[in-house]
Trainee: 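I'd like to ask you about the structure that follows.
Worth saying up front: this structure is predicted, and the values here are computed from it rather than measured. Lettering follows sequence order; numbering is per chain, from 1.
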Amino acid sequence: MNWKKRNAKCGELTQEQISQNFILNGWIHNVRDMGGLIFIDLRDRYGIMQLVIEPENNPELAEKAKDLKSEFVIWAEGTLRLRSNPNPKIPTGYIELLLADFGIVNKSDLPPFEIVDDLETNEETRLRYRYLDLRRPALQRNFIIRNKLYQIMHRYFEEQGFLEVETPILMKSTPEGARDFLVPSRINKGKFYALPQSPQIFKQILMVSGFDKYIQIVKCFRDEDLRSDRQPEFTQIDMEMSFIDAEDILTVTEGFFAKVWKEILNIDLQVPFKRMCYEEAMGRFGSDKPDLRFGMEIVNINEIVKHSEFKVFADTLAMNNGNIALINAKGAGSYSRKQLDNLTEFAKKYGAKGLAYIKFDKGEINSPIAKFLKSEELEAIKQAANAEDGDLLLISSDEKYRSLTILGALRLEMARQLGIMEKVRNTYSFHWVVDFPLFEYDAEENRYVAMHHPFTSPKDEDIAMLDKDPSQAKAKAYDLVVNGAELGGGSIRIHDNEIQQKMFKLLGLSDEDAEEKFGYLLKALKFGAPPHGGIALGLDRIVMTLAGTENIRDVIAFPKTTTGTSLMDGAPTGVDEKQLAELGIAVLKQ
RNA sequence: GGAGUUGUAGCUCAGUUUGGUUAGAGCGCCUGCCUGUCACGCAGGAGGCCGCGAGUUCGAGUCUCGUCAGCUCCGCCA
């Protein structure tokens with residue numbers, strides 16, 4: 001094929017290289033034939049360079065250039081020179097390449113959308129032509145960040161003495177937790193592998209093997225519904241260590257993030273990160289992953305209204321676990337009825353039956369519940385909320401965690417609406433959330449489920465609690481939270497076979513079930529398992545945070561849509577009867 | 001499993017409230033002109049299953065029902 005190897009990159013040429021000869025390769029971004037002059041914008045992944053043809057001096061080349069179209073791939077050879085009419089808006093805007101020759105390496109169909117960053121083409125089209133969308137500089141930049149993160153991770157953990165070990169992608173299905181993706185076995189008809197939700201059990205077993213510092217960048221798979229920050233396959237930085245306690249894991253992790261933020265964003269993170277226990281995070285921010293870049297904390301007013309005759313409040317307080325609390329949305333006092341109705345709708349998504357409010361607008365108090373409150377109660381609420389004219393108090397009265405969750409969601413929503421989120425962009429608040437409950441009660445299944453996972457160690461002082469009141473037991477678990485996003489979570493694991501068996505029992509697993517599902521782990525733990533623990537960091541979400549994007553699709557090269565399909569290749573699809581027959585599988589007619 | 005929202009030219013959108021001749025605009029594309037463009041400019045042109053399917057109606061882009069797809073959220077995500 002007729003093409004020449006480039007000796008320069010579009011975006012990296014400089015004025016110092018004037019008069020030198022270069023060969024560039026790239027896609028044609030734009031061609032402008034001005035009659036007198038022909039301008040060609042050439043793009044590679046490093047940037048854009050303008051090429052010029054002077055038909056007067058080179059009529060054959062001008063003739064040849066008539067065929068050129070957007071997105072053709074060409075090689076271009078010429079001399080770098082200063083532009084007489086520079087464009088300071090683009091990085092290479094002061095120089096141009098006077099073309100001596102070029103060749104069309106490949107032609108291109110007309111692209112279905114223009115490949116520029118400020119495009120607003122709908123996502124469906126862009127996902128269908130993902131390879132074109134990925135040419136956009138903004139997306140290229142995200143993958144440069146992602147690559148840097150890989151490199152820093154490998155360097156850092158090797159320096160710390162970690163060993164990278166690969167764990168199986170085809171493994172045994174474990175129905176606890178998320179739904180598994182299943183892979184049928186041809187050789188063992190009727191049997192299935194599962195894709196790992198995480199390499200959790202394998203890495204623990206590696207601890208038994210003496211790999212006392214394990215690290216892996218690993219794909220994980222969960223067959224659950226998608227969100228803007230959740231894909232069915234995603235990447236984890238998975239880590240585990242032996243003969244350590246939680247402090248060691250937090251320290252190693254903090255060192256890693258400090259290095260990443262320094263090398264990629266040139267930001268010095270303060271280590272160690274702050275810590276907050278689960279109860280406090282819920283109580284103050286209504287979330288186990290609170291965004292600590294701003295205040296608007298939840299204020300409990302149970303005491304203030306405990307003698308209130310307002311039926312909603314009285315009913316709530318009569319409950320076992322009733323909670324009446326509020327947030328103060330400063331500056332939202334002029335919200336209209338419609339805006340407040342919308343907030344109520346918003347709260348209802350989180351299970352609220354309604355949403356009470358008190359507006360302090362232009363010296364007046366406006367509230368549908370004011371008539372039920374004594375003036376000293378109103379005044380006390382105002383004091384407690386630190387409210388002044390122009391503020392809006394949003395009040396939730398409900399079961400404790402429900403009301404906290406509602407207020408936590410409203411807090412984020414109000415921060416968005418009031419422009420607070422915009423103000424704290426590009427600031428980073430790292431902290432650990434610790435002291436999670438070991439169990440969560442699942443009302444539907446009428447049993448306890450592990451809040452983290454069933455291998456999480458209870459706190460030493462809570463082991464006795466397992467027999468008395470499991471709901472009170474705390475776990476040696478920790479989540480890393482950055483700007484309201486959970487970037488990772490881990491725990492000290494149970495290395496004692498007996499405690500592990502007790503855990504399974506509390507989770508409602510019979511001895512037989514535990515043996516059937518996790519017997520291989522239980523057995524391994526019997527062979528001198530060292531105390532161990534680790535953490536899994538969500539690599540995609542770390543890149544999202546570094547890149548400042550809200551959507552995980554921006555940091556994954558070939559992502560899925562919200563229904564789990566890939567618009568580019570059409571997966572998932574049906575398969576040949578022959579393939580199914582080989583696997584011994586019949587598909588039910590839908 | 002549920003809710004919201006969007007779907008009209010290659011792309012971005014208007015038109016839907018109040019059904020009515022031949023469905024519009026900008027960008028892009030094609031042809032021509034233009035010696036410094038970089039959102040170039042000027043003139044002309046091509047381009048439509050109004051997501052899909054039923055229904056109501058003399059008549060549906062517009063109303064009704066269903067359905068599909070993208071996005072966002074709740075549930076779910078040990």
Trainee: Would the distance check show the side chain of A:N122 and the main-chain N or O of A:T125 forming a donor-acceptor pair, the cut-off being under 3.5 Å?
Mentor: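 Indeed, once roles are kept as given, a pair shorter than 3.5 Å links the two residues.
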Trainee: Do the side-chain N or O atoms of A:S228 get closer than 4.0 angstrom to the phosphate oxygens (OP1, OP2) of B:C71?
Mentor: no
Trainee: Do any N or O atoms of the protein come closer than 3.5 Å to N or O atoms of nucleotides 2-6 of chain B, and which pairs are they?
Mentor:
none

Trainee: Between A:E114 and A:R43, is there a side-chain N and carboxylate O pair less than 4.0 Å apart?
Mentor: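 Salt bridge: no.
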Trainee: Could you tell me which residues satisfy side-chain hydrogen bond (donor to acceptor under 3.5 Å, both in side chains) with A:T235, sequence neighbours excluded, listed by chain and number?
Mentor: A:R146
Trainee: How does each nucleotide of nucleotides 28-34 of chain B score, in 5' to 3' order, for protein heavy atoms under 4.0 Å: base (B), sugar-phosphate only (S), or none (-)?
Mentor: -SS---B
Trainee: With distance as the sole test, does A:D238 use its side chain to make a donor-acceptor pair with the main-chain N or O of A:A536 at under 3.5 Å?
Mentor: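 It does not hold such a pair.
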Trainee: Rounded to the nearest angstrom, tell me the gap between atom CG in A:D133 and atom P in B:C71.
Mentor: 13 Å
Trainee: Which whole number of Å gives the distance between the P atom of B:C13 and that of B:U57?
Mentor: 36 Å
Trainee: Does A:N551 place a side-chain N or O at less than 4.0 Å from the phosphate oxygens OP1/OP2 of B:C71?
Mentor: no
Trainee: Does a side chain donor of either A:S198 or A:Q236 reach within less than 3.5 Å of an acceptor in the other side chain?
Mentor: no
Trainee: Identify, between A:Q197 and A:L226, the residue whose nearest nucleotide on RNA chain B lies closer to the 5' end.
Mentor: A:L226
Trainee: Looking at every strand, decide which applies to A:P454 at a 4.0 Å heavy-atom threshold: base, sugar-phosphate, or nothing.
Mentor: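 If one applies the 4.0 Å heavy-atom cut-off, A:P454 turns out to touch a base.
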Trainee: Look for any protein N or O under 3.5 Å of an N or O in nucleotides 23-25 of chain B and output each such pair with its distance, or none.
Mentor:
none

Trainee: Whole-Å distance between B:G36 P and A:I53 CD1?
Mentor: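 Interatomic distance, CD1 of A:I53 to P of B:G36: 16 Å.
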Trainee: Salt bridge (charged side-chain N to carboxylate O under 4.0 Å, His left out) with A:K64: which residues, sequence neighbours excluded?
Mentor: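 A:D101.
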Trainee: For A:D341, is there an ion pair with A:K338 - N to carboxylate O distance below 4.0 angstrom?
Mentor: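 Looking at A:D341 together with A:K338, the answer is no, because their closest N to O distance does not fall below 4.0 Å.
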Trainee: Do any of residues 79-102 of chain A sit with a heavy atom less than 4.0 Å from RNA chain B, and if so which?
Mentor: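 Going residue by residue through residues 79-102 of chain A, the ones with a heavy atom under 4.0 Å of RNA chain B turn out to be A:R81, A:R83, A:S84, A:N85, A:P86, A:N87, A:E96.
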Trainee: Side chain of A:R179 only, heavy atoms from C-beta on: which candidate in B:C11, B:C40, B:C76 is closest?
Mentor: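 Shortest atom-to-atom distance from the side chain points to B:C76.
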Trainee: Can you tell me the base-pairing partner of B:U18? Count Watson-Crick or G-U wobble geometry only, both distances below 3.5 Å, and say none if there is no partner.
Mentor: none
Trainee: Would you say A:Y94 and A:N87 are linked by a side-chain donor-acceptor pair, where the criterion is simply a distance under 3.5 Å?
Mentor: no
Trainee: Look at the aromatic rings of A:H453 and A:F455 and report parallel, tilted or perpendicular, splitting at 30° and 60°.
Mentor: tilted
Trainee: Tell me: CD1 of A:I38 to C1' of B:C38, nearest whole Å?
Mentor: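 The answer, rounded to whole Å, is 15 Å.
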Trainee: Any side-chain N or O of A:R227 under 4.0 Å from OP1/OP2 of B:C74?
Mentor: yes
Trainee: What does B:U37 pair with, Watson-Crick or G-U, if both distances are under 3.5 Å?
Mentor: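 Matched B:U37 with nothing under the 3.5 Å cut-off.
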Trainee: Has A:K9 got its NZ or CZ under 6.0 Å from the middle of the six-membered ring of A:Y46, at an angle within 45 degrees of the ring axis?
Mentor: yes
Trainee: Please state the P separation for the pair B:C76 and B:A14 - nearest whole angstrom.
Mentor: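 Comparing P positions in B:C76 and B:A14 gives a spacing of 36 Å.
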Trainee: Does A:R230 make a side-chain donor-acceptor contact with the base of B:C76, cut-off 3.5 Å?
Mentor: yes
Trainee: Sequence neighbours left out, what passes side-chain contact (heavy atoms from CB on, under 4.5 Å) with A:A485? Give chain and number order.
Mentor: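 Checked A:A485 against side-chain contact (heavy atoms from CB on, under 4.5 Å); matches are A:L487.
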Trainee: Could you pull out all residues at least two apart from A:D229 that satisfy side-chain contact (heavy atoms from CB on, under 4.5 Å)?
Mentor: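 Once residues adjacent in sequence are excluded, the partners of A:D229 under the side-chain contact (heavy atoms from CB on, under 4.5 Å) criterion are A:R227, A:R541, A:M544.
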Trainee: How many whole angstroms separate atom CG of A:D288 from atom P of B:C77?
Mentor: 13 Å
Trainee: Tell me, please, which residues at least two apart from A:E54 pass salt bridge (charged side-chain N to carboxylate O under 4.0 Å, His left out).
Mentor: A:R81
Trainee: With sequence neighbours excluded, tell me which residues meet salt bridge (charged side-chain N to carboxylate O under 4.0 Å, His left out) with A:D41.
Mentor: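 Salt bridge (charged side-chain N to carboxylate O under 4.0 Å, His left out) list for A:D41, sorted by chain: A:R32.
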Trainee: With rounding to the closest Å, how many angstrom separate the P atoms on B:U31 and B:G47?
Mentor: 16 Å
Trainee: Tell me which of A:H453 and A:E54 sits closer to the 5' end of RNA chain B, going by the nucleotide each one is nearest to.
Mentor: A:E54
Trainee: What pairs of residues pass the side-chain hydrogen bond (donor to acceptor under 3.5 Å, both in side chains) test when at least one of them lies in residues 473-482 of chain A, not counting sequence neighbours?
Mentor: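 Qualifying pairs, neighbours excluded: A:D460-A:K476.
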Trainee: Between P on B:C76 and CG on A:D229, what's the gap in Å once rounded to a whole number?
Mentor: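 That distance rounds to 15 Å.
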Trainee: At under 4.0 Å between heavy atoms, what does A:Y350 touch on the DNA or RNA strands: base, sugar-phosphate, or nothing?
Mentor: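 Sugar-phosphate, backbone atoms only, no base.
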Trainee: Only pairs with both distances under 3.5 Å count, Watson-Crick or wobble alike; so what is the partner of B:U64 in this structure?
Mentor: B:A54
Trainee: Does A:F39 stack onto the base of B:U37, taking stacking as ring centres under 5.5 Å apart and planes under 30° apart?
Mentor: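 Stacked: centres under 5.5 Å apart, planes under 30°.
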Trainee: Before accepting this row, confirm whether a basic side-chain N of the pair A:E498/A:K502 lies closer than 4.0 Å to the acidic partner's carboxylate O.
Mentor: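 Looking at A:K502 together with A:E498, the answer is no, because their closest N to O distance does not fall below 4.0 Å.
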Trainee: How many whole angstroms separate atom CD of A:E440 from atom P of B:G75?
Mentor: 11 Å
Trainee: C1' atom, B:G48 versus B:A25: distance in rounded Å?
Mentor: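 About 14 Å, rounded to a whole number of Å.
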Trainee: In whole angstroms, how far is the C1' atom of B:C11 from the OH atom of A:Y129?
Mentor: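 One finds 12 Å between C1' of B:C11 and OH of A:Y129, rounded.
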Trainee: Can you tell me how far C1' in B:G20 sits from the matching atom in B:C34, rounded to whole Å?
Mentor: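 Looking at atom C1' only, B:G20 and B:C34 are 46 Å apart.
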Trainee: Whole-Å distance between B:C77 C1' and A:E176 CD?
Mentor: 14 Å
Trainee: When you compare B:U16 with B:U6, how far apart are their P atoms, in angstrom units rounded to a whole number?
Mentor: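 14 Å, rounded to whole Å.
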Trainee: In terms of side-chain geometry, is the basic nitrogen of A:R126 or A:D133 positioned less than 4.0 Å from the acidic oxygen of its partner?
Mentor: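 A:D133 and A:R126: salt-bridged.
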Trainee: Consider only side-chain N and O atoms of A:N551 and A:T549, and report whether a donor and an acceptor are under 3.5 Å apart.
Mentor: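 On atom types as modelled, these side chains do not qualify, holding no pair under 3.5 Å.
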Trainee: Charged N to carboxylate O below 4.0 Å: is that the case for A:K289 and A:E486?
Mentor: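 Looking at A:E486 together with A:K289, the answer is no, because their closest N to O distance does not fall below 4.0 Å.
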Trainee: Whom does B:G26 pair with, Watson-Crick or G-U wobble, provided both distances fall under 3.5 Å?
Mentor: B:C11
Trainee: Counting only Watson-Crick pairs (N1-N3 plus N6-O4 or O6-N4) and G-U wobbles (N1-O2, O6-N3), all under 3.5 Å, who is the partner of B:A3?
Mentor: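 When the pairing criteria are applied, B:U72 turns out to be the nucleotide that pairs with B:A3.
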Trainee: With C1' as the reference atom in both, quote the distance from B:A39 to B:A46 in angstrom, rounded to an integer.
Mentor: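 After rounding to an integer number of Å, I get 23 Å for this pair.
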Trainee: What's the gap between B:A54 and B:C71 when it is taken at their P atoms, as a whole Å value?
Mentor: 28 Å
Trainee: Do any N or O atoms of the protein come closer than 3.5 Å to N or O atoms of nucleotides 67-70 of chain B, and which pairs are they?
Mentor:
unit_1	atom_1	unit_2	atom_2	d
B:A69	O2'	A:E124	OE2	2.8
B:G70	OP1	A:T561	OG1	2.7
B:G70	OP1	A:T563	OG1	3.0
B:G70	OP1	A:T565	OG1	3.2
B:G70	OP2	A:T563	OG1	3.1
B:G70	O4'	A:E124	OE1	3.2

